Protein chains: 2
Amino acid sequence: MPRTSRSIPREAPLPDAGVQSEGFRETRKARRGALVEDYVELIADLIDDGNEARQVDIAARLGVAQPTVAKMLARLAVDGLVSRKPYRGVFLTEAGRKVADESRARHRVVEDFLRSLGVSEEVARIDAEGIEHHVSAETLEAFRKAMTRGR
Amino acid sequence: MPRTSRSIPREAPLPDAGVQSEGFRETRKARRGALVEDYVELIADLIDDGNEARQVDIAARLGVAQPTVAKMLARLAVDGLVSRKPYRGVFLTEAGRKVADESRARHRVVEDFLRSLGVSEEVARIDAEGIEHHVSAETLEAFRKAMTRGR
DNA sequence: GAAAAAATTGAGCCTATGCTATAATTCTAT
DNA sequence: ATAGAATTATAGCATAGGCTCAATTTTTTC
Ligand SMILES: [Mn+2]
Ligand SMILES: [Mn+2]
Ligand SMILES: [Mn+2]
Ligand SMILES: [Mn+2]
């Protein structure tokens, strides 16, 4: 049986457990996809910048060790997002390029939106790096509209 | 040596590797803290709603198995955020209450802000659940101001 | 006051992401 | 052409966060 409590009640009632758990499940899924998106987007950036996308560069930019990158690239290859020529850098497949382009577009909107709210460049860069993976199509569209409306 | 490429160049130049990796490092740190925040916030919600915060309820609301919750609660206890009376539910320590209050306040601002942009209730709830953990103090303040300005 | 139901605990397993250390390979200079 | 530098590959290990299944303990119900 429920017990009484001296604590201040929440403003809103607790959402239905099924509804709430669905939200948490979605969030965990987004979290799992985040790393893949960051890798693929970064690889596209390196390639489009005119360089090869080498493990050492990816590692340096992500701030992880090179074997960590090697392992993830193997997984991305299995998933059909990248192809590798041994000792030659990594390339995006058609599917990988698609993921990269979409991630990059979304990332850009999020970062630009934060900047449009007056957030500093440094903080916008860091926050956007995490926020981007949790922004749905609907929210992304709302960000776009707000930037248009805002001037 | 850099090789030429037929690809479209990025709009902005690649950021400095050190700067970029710092952003990714920060993001990974936020990701690690996210789960703790969700637990503590949910525990506070259950308690403040007048119920005990039992493992089964926490599990149902997070959408994970109960032993998963048991393991995390043990960790939260070690971290000094909760205390447990065996078979009696979990309680927040003073430190835990502080984390919960801060997380809840931030969560609310993020969700309200999304709603203020016209995002639907369901989507705002899901997106906020992930976004909240990547919103710095500066960005949070920008969200608050935008809501005030906006009307 | 037992039997049944509910909840917690514990063991063992798995995957994802990290790491370090070292070997193997390729590239670059001389 | 070979030595040295750079890069990639491989092996082994650790931690976080999940899971299932079964044992234990507490609480409820009759
Ligand atoms: Mn990105
Ligand atoms: Mn990112
Ligand atoms: Mn929250
Ligand atoms: Mn959350």
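Values reported hereafter were calculated over all heavy atoms of this structure, with side chains retained and with hydrogens, waters and symmetry mates removed. Letters A, B, ... mirror the listed sequences (proteins, then strands); counts begin at 1. Note that the coordinates shown come from a computational prediction; the quantities given were computed from them, not determined experimentally.
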Give the table of side-chain donor-acceptor pairs shorter than 3.5 Å for residues 59-81 of chain A, with sequence neighbours excluded, one pair per line with atom names and distance.
| residue | atom | partner | partner atom | Å |
| --- | --- | --- | --- | --- |
| A:Arg61 | NE | B:Gln20 | OE1 | 2.6 |
| A:Arg61 | NH2 | B:Pro15 | O | 2.2 |
| A:Gln66 | NE2 | A:Gln55 | OE1 | 2.9 |

Those residues that, when tested against B:Lys29, pass salt bridge (charged side-chain N to carboxylate O under 4.0 Å, His left out) (two or more places apart) | B:Glu26
Could you state the CG-C1' distance from B:Asp57 to C:dA6, rounded to the nearest angstrom?
-> 12 Å
Taking only residues two or more places apart in sequence or in another chain, which ones pass side-chain hydrogen bond (donor to acceptor under 3.5 Å, both in side chains) with A:Arg106?
-> A:Glu37
Does B:Arg144 have any side-chain hydrogen bond (donor to acceptor under 3.5 Å, both in side chains) partners at least two apart in sequence or in another chain, and if so, which?
-> B:Glu141
The contact string for nucleotides 19-24 of chain D, one letter per nucleotide 5' to 3', using protein heavy atoms under 4.0 Å with B, S and - for base, sugar-phosphate only and none, comes out as BBB--B
For B:Phe143, what residues pass the ring pair (Phe, Tyr, Trp, His ring centres under 6.0 Å) criterion, not counting sequence neighbours?
-> B:Phe113
Please set out all donor-acceptor pairs under 3.5 angstrom arising from side-chain atoms of residues 121-128 of chain A, sequence neighbours excluded.
| residue | atom | partner | partner atom | Å |
| --- | --- | --- | --- | --- |
| A:Asp127 | OD2 | B:Ser136 | N | 3.0 |
| A:Asp127 | OD2 | B:Ser136 | OG | 2.6 |
| A:Asp127 | OD2 | B:Thr139 | OG1 | 2.6 |

Steps toward side-chain contact (heavy atoms from CB on, under 4.5 Å) verdict (B:Asp38, B:Glu129) | CA-CA 8 Å; B:Asp38 283 341; B:Glu129 194 56 73; 2.9 Å; yes
Rounded to the Å, how far apart are A:Glu52 CD and D:dT8 C1'?
-> 13 Å
A:Leu76 CG to C:dA16 P, straight-line distance once rounded to whole Å | 12 Å
Considering only heavy atoms from C-beta outward, does the side chain of A:Arg84 approach that of A:Phe91 to under 4.5 Å?
-> no
To the nearest Å, how far apart are B:Arg88 CZ and C:dA7 P?
-> 13 Å
Whole-Å distance between D:dT8 C1' and A:Arg54 CZ?
-> 11 Å
Just how far, in rounded Å, is C1' of D:dG18 from CD1 of B:Ile58?
-> 16 Å
Separation of D:dT25 C1' from B:Arg84 CZ (nearest whole Å) = 15 Å
Choosing from D:dA9, C:dT8, C:dT17, which nucleotide comes nearest the side chain of A:Met72?
-> C:dT17
Among residues two or more places apart or on two chains, list those pairs meeting ring-ring contact (aromatic ring centres under 6.0 Å, His included) that have a residue in residues 120-142 of chain B.
-> A:His134-B:His134
For DNA chain C, the residues among residues 30-40 of chain A that have a non-hydrogen atom under 4.0 Å from it = A:Arg32, A:Leu35
Rounded distance (Å) that lies between atom P of C:dT17 and atom CG of A:Leu73 | 13 Å
